[in-house]
Amino acid sequence: MTELSGDAQDFETRQIHAGAVVDAQTNARVTPIYQTAGYVFSDFDDGEERFAGQSSFRAYSRNENPTNAVAGQRIANLEGGVDGIVVSSGQAAIAATLFALAQAGDHILATRSLYEGTREMFRGALRRQGLEVEYVADDASEDEWASRVTARTKAIYTETIPNPLNQVVDLERLARIAHTAGVPLVVDSTVATPYLCRPIEWGADIVIHSTSKWLAGHGSVIGGAVVDGGRFDWEANGERFPHLVTSPRPGVASFAERFGAGAFLAYLRTVTVLEYGPTVPPTSTFLLLHGIETLSLRMDKHIANSLAVAEWLAEQPEVAAVAYPGLPSDPFHERAERYLPRGAGAVVTIDLAGGRDAARRFIDALELVSPMTHIGDVRTLAIHLGSTIHAKLTEEERLDAGITPGLIRLSIGLESSRDIIADLQRGLTAAGR
Ligand SMILES: Cc1ncc(COP(=O)(O)O)c(C=O)c1O
């Protein structure tokens, strides 16, 4: 584990202050919503400089907006990265990252257990664009991983705590495998949040978030973020990443030369996000920033509630299995203790002994817990996976992904654990009927 820069202050302080700039005209304390499409050039030369990226001022809000910049800097700071950007959704963050690394004909290696929306994108839109994603079991040998790497491989992709089954990955090992192969490790750390785990400390190069989840925390916005760890050597691996190490046009230095450690994020911001335009509205970012300010406090309570609920669920006869690495009996507990010492997140997934019929009765009996898709809300949420998020898969594909007929994903909220358990009891009583 590596000590990172930017940690002079404690997390609780940085989640409130990092990246914030006091508005020069009004001295407003809270980061304002800069709801503007563009920015007036002071004169002809200023316009030219802004377009050439030679000015600290901005040109257009598609890829540069002061409210969004504060959030990008704050999340980068909390993750221990060198630069960050917020975009319109978690999906957009994943797509933009891979488009900034790879092109048609290229290849990405990924661990098997990933959020189904990501897997859907990998076998859908990305494949249609000519990007091939190949899955490897997380615990495959290093030789097995190495044997899958080709000259067209551009990244290894994983999730810190995979949604929905919580099979915590061995980040340090994956980073080693990626770096031996000469590619960056890209980690979707949505479920962990930077409060529970900072993948860059374990060797990850790029960290992605759906900020719609715990970072915002209130369930009122959709957004995403990408953070550059700043330590991947693009120059040394320049054959794989020519767009980062060669001059984009005569007279202009390469991204690696111009931006050094921040080369990837600079490319993502000034090329990928500029060209594709996955812009998040600054009004959403304003709400995101308010969420981030209380992240540590909320996560402590999410963890305490999740543990209490998981311990209770593990004792219930209607529940065949509980996937929550915070439980000492969970197969991923030891790894969680290493990578997630503050707690193993707030997704508790249960397999109901009575299968799909029991799941239907469970969902329909809930009164406090909201049956809906989403995670990372102050409210406790429940979803039957096989009939919703994983419904497009065949039964065989579902079982291969560990999605059994009775599987319910719970996102444990901030209500009192007693009230959450009382409602889950109502659901289990119905399930057991
Ligand atoms: C782990 C993970 N990554 C990415 C996403 C996509 O994020 P968004 O819904 O903000 O597009 C989700 C959504 O559930 C997720 O759980």
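We're numbering straight along the sequence, starting at 1. Numbering of ligands and ligand atoms starts at 1, following listing order.
- For Y276 and F99, the gap between ring centers is short of 6.0 Å.
- Closest to atom 16 (O) of ligand 1, if we only count protein heavy atoms, is N163 ND2, 2.8 Å.
- The minimum heavy-atom distance linking G413 with T380 is given by the pair N-OG1, 2.8 Å.
- Under 4.0 Å from ligand 1, not a single heavy atom of H374 appears.
- The closest donor-acceptor contact from the side chain of H243 to the backbone of F255 lies at 3.5 Å or more, if one exists at all.
- Across every non-hydrogen atom of F362 and L352, the tightest pair is CB-CD1, 3.7 Å.
- Remark: the T211 side chain and the H209 side chain contain no N/O donor-acceptor pair separated by less than 3.5 Å.
- For ligand 1, the atoms closer than 4.0 angstrom to any heavy atom of I375 are 16 (O).
- What sits closest to atom 6 (C) of ligand 1 on the protein, heavy atoms only, is Q91 OE1, 3.5 Å.
- Within the 4.0 Å heavy-atom criterion, neither part of T211 lies near ligand 1.
- For T118, no nitrogen or oxygen atom sits less than 3.5 Å from a nitrogen or oxygen atom of ligand 1, counting backbone and side chain alike.
- Distances below 4.0 Å separate heavy atoms of S210 from the following atoms of ligand 1: 4 (C), 5 (C), 7 (O), 8 (P), 10 (O).
- Judged by distance alone, the side chain of H107 and the main-chain N or O of K154 form no donor-acceptor pair under 3.5 Å.
- Other residues, nucleotides and ligands place no more than 12 heavy atoms under 6.0 Å from the CZ atom of R360.
- Not a single heavy atom of A93 sits under 4.0 Å from any atom of ligand 1.
- Residue contact check: G223 has heavy atoms under 4.0 Å from atoms 10 (O) of ligand 1.
- Of the protein's non-hydrogen atoms, the one nearest atom 9 (O) of ligand 1 is K213 NZ, 3.7 Å.
- Residue E159 places no N or O, backbone or side chain, under 3.5 Å from any N or O of ligand 1.
- Near S212, with a cut-off below 4.0 Å to any heavy atom, the atoms of ligand 1 are 8 (P), 10 (O).
- Residue-environment remark: CZ (R356) stays at or below the threshold of 12 foreign heavy atoms within 6.0 Å.
- With hydrogens left out, the protein atom closest to atom 8 (P) of ligand 1 is G90 N, 3.4 Å, a heavy atom.
- The local environment of CD in E396 is sparse, with at most 12 non-hydrogen atoms from other residues, nucleotides or ligands closer than 6.0 Å.
- Looking only at protein heavy atoms, the nearest one to atom 4 (C) of ligand 1 is D188 OD2, 3.4 Å.
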